[in-house]
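Note that the structure is a prediction, hence the values are computed from the model and not measured. A, B, ... follow the sequence lines: proteins, then strands. Residue 1 opens every chain. Just the heavy atoms: all of them, side chains too, but no hydrogens, waters or symmetry mates, feed the values below.
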There are 2 protein chains.
Amino acid sequence: MAVTIKDVASAAGVAPSTVSRVIADHPRISPATKKRVKKAMKDMGYHPNVNARSLANRSTQAIGVVMSSSADKALQNPFFPEVLRGISAIAHSLDYSMLLSTGGTDEEMLEGVERMVYGNRVDGIILLYSQINDPVMNFLLEKEFPFTMIGKPFDRVDEITHVDNDNIRGGKEITNHLIELGHDRIAFIGGSTDLVVTLDRLKGYQVALQEAGLPIREDYRVHTEFLKSGGRDAVHQLFSLENPPTGIVIADDLMTIGVINMLEEFGMLVPENISIVSFNNVYLAEVTRPPLTTVDIHIYELGSQAAKCLIEKVRNKDEPAKRIIVPFNIKHRLSTQRNETL
Amino acid sequence: MAVTIKDVASAAGVAPSTVSRVIADHPRISPATKKRVKKAMKDMGYHPNVNARSLANRSTQAIGVVMSSSADKALQNPFFPEVLRGISAIAHSLDYSMLLSTGGTDEEMLEGVERMVYGNRVDGIILLYSQINDPVMNFLLEKEFPFTMIGKPFDRVDEITHVDNDNIRGGKEITNHLIELGHDRIAFIGGSTDLVVTLDRLKGYQVALQEAGLPIREDYRVHTEFLKSGGRDAVHQLFSLENPPTGIVIADDLMTIGVINMLEEFGMLVPENISIVSFNNVYLAEVTRPPLTTVDIHIYELGSQAAKCLIEKVRNKDEPAKRIIVPFNIKHRLSTQRNETL
DNA sequence: TTGAAAGCGCTAACAA
DNA sequence: TTGTTAGCGCTTTCAA
């Protein structure tokens, strides 16, 4: 069928093993034969068969990316393509392929990962989320299969290579921004409490309140799914309170957009009547109305770092567990203003 | 290392080939041995090595998905995760893996595809876009490598299996909606004219105008990149005209969001001052303010159909080229109203 | 520096 | 219905 290593070998007048050595850029090979073989490869349009290669040396030059697509989590969120872009850039530059596995349920996700691992389809895996008690992670840990995660592991933090933002500090700083603007009734809207990222951002929010001597009110905290109905419920819940908040910290830009629309429906204007800050700085945060004051978490970099770590780890089994903190910075835009209700 | 087919064979007291046959669900095998082998597989925790399998029978059980990530095209657009979801569902259900290849430039994309094809990594490929004079497509055609595309091929329409909406009709109907509302100065904003989808939607728009006896004004047509600056320029261009439009047909929801924001910045309200319709019906179209009247193109289905066709084609080389038209329907929401300027 | 040969795990004739 | 055996295309000792 296609041209094989043998064809190249005989064309170049060498043994297949020699050709193999030039492919692998083996050091002990004379420049002369190397050149000759390379020429033959080019002339004949030779391309190594990765399957044969994988079989022989038990490495696939591919990484797996696992994302959840259930309502509450990643998909439909622009976070997602952006992080893929980061992963893809590194993978491509190091000649790795990228397998994607999505699943709606935990079970489907586990199946997908098992296929990748058991089938020897990938050398390592990136988890695009961090969730409490994740069966996928437990599986990987048990099989001692190389993986890195984006986000902070819920436990075993020191054993798991992960890349994350300092979401606690991010939560604190963005909340402080609201406090500095004179807000003292500040609510928090976040996603599922199974997601570590939600917990961390919440924590930061609480620390900021506490340090400012503000009360931490349970009724100012609402957890909701990303999608539409959720935004509505959250807003409804907060604004039926006797003393509704004048500021809200929201854990995700996309949620924020939903919330702002709900607010307007209820006749509340952002930022005139209520100030809002959020997280991620996806593309939309900049073009939506009003443009969002948000924590830029550098999504692309999260992806590229995770890929880099994973590939290091795959290439060197003894690479120690790492923790990479991607710095954030706050984008000040127009969704906040000084609290006039004082 | 891991347990192999030989281990299973000896444990079950049969030959490796027998085990292989039960894996492949070969018809001529006695229920008794089948059961025995299956038990052994389960007991030993056996999982076939896909690489070895690929090597032996030259099929990978994997499909490649190619998307462009350059500014003007897919990424950052929620279209994207949604179509992946559709592909992934089918792939998963038929036990195929999914390789993803992104690239910023045509060249990078071609490289990615070459790696998939030459490396024998996938059995077939889905192109998530249709572009004039696409080197990737030409490569695939030349190699006679199985592929399907989402969107309409620019030429060789009958030779290429593709799944698409009837974008011409969609463009026409959505434009008619504006006409019926009394608008007679209707502009069109679209993406790159290299994309077939842009051309088709534009065509539909023009047909509608023509049939309604309305003039097709060149200065009412602007092409722009999806991203922010683009929206600004487009709006600026249209509203410096002597007779600015009272309605706009925009080829993509995400662009629409940008345009609406620009409009508001210029003091124009949607739909009070100007009516807007667009395409895709991504999640945001529903939650943005105002909710968008848009053509729902059924993105998920585009993905799942493309995957289905591809896998059919991969399994049967002689499968004829198909053309699948996914129906659309118009979601009437709040971005349009009757033209009051008459 | 190079070649010969065994083997990675599986499939697919061909035989029995 | 099942077993035997030769590959699939590549890597990797071991020897030369």
Side-chain angles (χ1 to χ4, degrees), chain A residues 1-38 40-41 44-62 95 115-123 315, chain B residues 1-38 40-41 44-62 95 115-123 315:
Chain A
M1 184 122 255
V3 20
T4 77
I5 208 173
K6 275 188 190 165
D7 303 327
V8 175
S10 59
V14 297
S17 51
T18 303
V19 177
S20 171
R21 282 188 265 257
V22 349
I23 293 172
D25 209 21
H26 193 97
R28 277 200 301 257
I29 192 147
S30 79
T33 46
K34 190 165 177 174
K35 185 157 292 174
R36 198 147 39 91
V37 170
K38 284 209 164 166
M41 296 198 306
M44 309 178 73
Y46 169 74
H47 295 272
N49 179 322
V50 284
N51 295 308
R53 213 169 173 187
S54 299
L55 191 57
N57 70 9
R58 359 209 76 245
S59 106
T60 63
Q61 291 280 354
D95 268 323
R115 299 240 327 275
M116 287 185 178
V117 172
Y118 286 137
N120 288 93
R121 288 183 183 269
V122 299
D123 294 337
R315 290 187 171 169
Chain B
M1 184 123 256
V3 20
T4 77
I5 207 171
K6 276 188 190 164
D7 303 327
V8 175
S10 58
V14 298
S17 53
T18 303
V19 178
S20 172
R21 282 188 267 257
V22 348
I23 295 172
D25 208 23
H26 193 97
R28 278 201 299 258
I29 192 150
S30 80
T33 45
K34 192 166 177 175
K35 188 159 289 175
R36 197 146 43 90
V37 170
K38 282 209 165 164
M41 297 200 304
M44 310 177 73
Y46 169 74
H47 294 271
N49 179 322
V50 285
N51 295 309
R53 214 169 172 190
S54 300
L55 191 56
N57 72 7
R58 5 206 75 246
S59 106
T60 63
Q61 290 280 348
D95 269 322
R115 300 240 325 276
M116 287 183 178
V117 173
Y118 285 137
N120 286 93
R121 288 181 183 271
V122 299
D123 293 338
R315 291 188 170 167

Those residues that, when tested against Arg21(A), pass salt bridge (Lys or Arg N to Asp or Glu O under 4.0 Å) (two or more places apart): none

Separation of dT13(D) C1' from Asn57(A) CG (nearest whole Å): 14 Å

Whole angstrom value for the distance that separates P of dG9(D) from CZ of Arg121(B): 17 Å

Beyond-backbone contact of Asn49(A) with Thr4(A), side-chain heavy atoms, under 4.5 angstrom: no

Tyr46(A) vs dC10(D): side-chain N/O to OP1/OP2 distance below 4.0 Å: yes

Rounded distance in Å - CE (Met41(B)) to P (dC10(C)): 11 Å

Ile23(B) and Met41(B): CA distance, side-chain angles, deciding distance, side-chain contact (heavy atoms from CB on, under 4.5 Å) verdict: CA-CA 10 Å; Ile23(B) 295 172; Met41(B) 297 200 304; 4.3 Å; yes

Strand-adjacent residues in residues 15-29 of chain B, judged by heavy atoms under 4.0 Å from DNA chain C: Ser17(B), Ser20(B), Arg21(B)

Leu55(B), nearest nucleotide to its side chain (from dC10(C), dC8(D), dT1(D)): dC8(D)

Whole angstrom value for the distance that separates P of dG9(C) from OH of Tyr118(A): 17 Å

Phosphate OP1/OP2 of dC8(C): any Arg58(A) side-chain N/O under 4.0 Å: no

Atom-to-atom span, CG of Asn51(B) to P of dG7(D) - whole angstrom: 22 Å

Nucleotide dG7(D), atom C1' - distance to CG of Asn49(A) in whole Å: 14 Å

Sugar-phosphate, base or nothing in reach of Ser54(A), heavy atoms under 4.0 Å: nothing

Sugar-phosphate, base or nothing in reach of Val14(B), heavy atoms under 4.0 Å: sugar-phosphate

Presence of Arg53(A) side-chain N/O under 4.0 Å of dG9(D) phosphate oxygens OP1/OP2: no

Interatomic distance where NZ belongs to Lys6(A) and P belongs to dG3(C) [whole Å]: 15 Å

Within-4.5 Å side-chain heavy-atom neighbours: Arg115(B) and Asp95(A): yes

Heavy-atom closest contact (Asp7(B) atom, Ala2(B) atom, distance): OD2-O, 4.1 Å

Rounded distance (nearest 0.5 Å) linking atom OG1 of Thr60(A) with atom CG of Asn120(A): 8.0 Å

Ile5(A) CD1 to dT2(C) C1', straight-line distance once rounded to whole Å: 14 Å

Check ion pair Asp25(A)-Lys34(A) (N to O, under 4.0 angstrom): yes

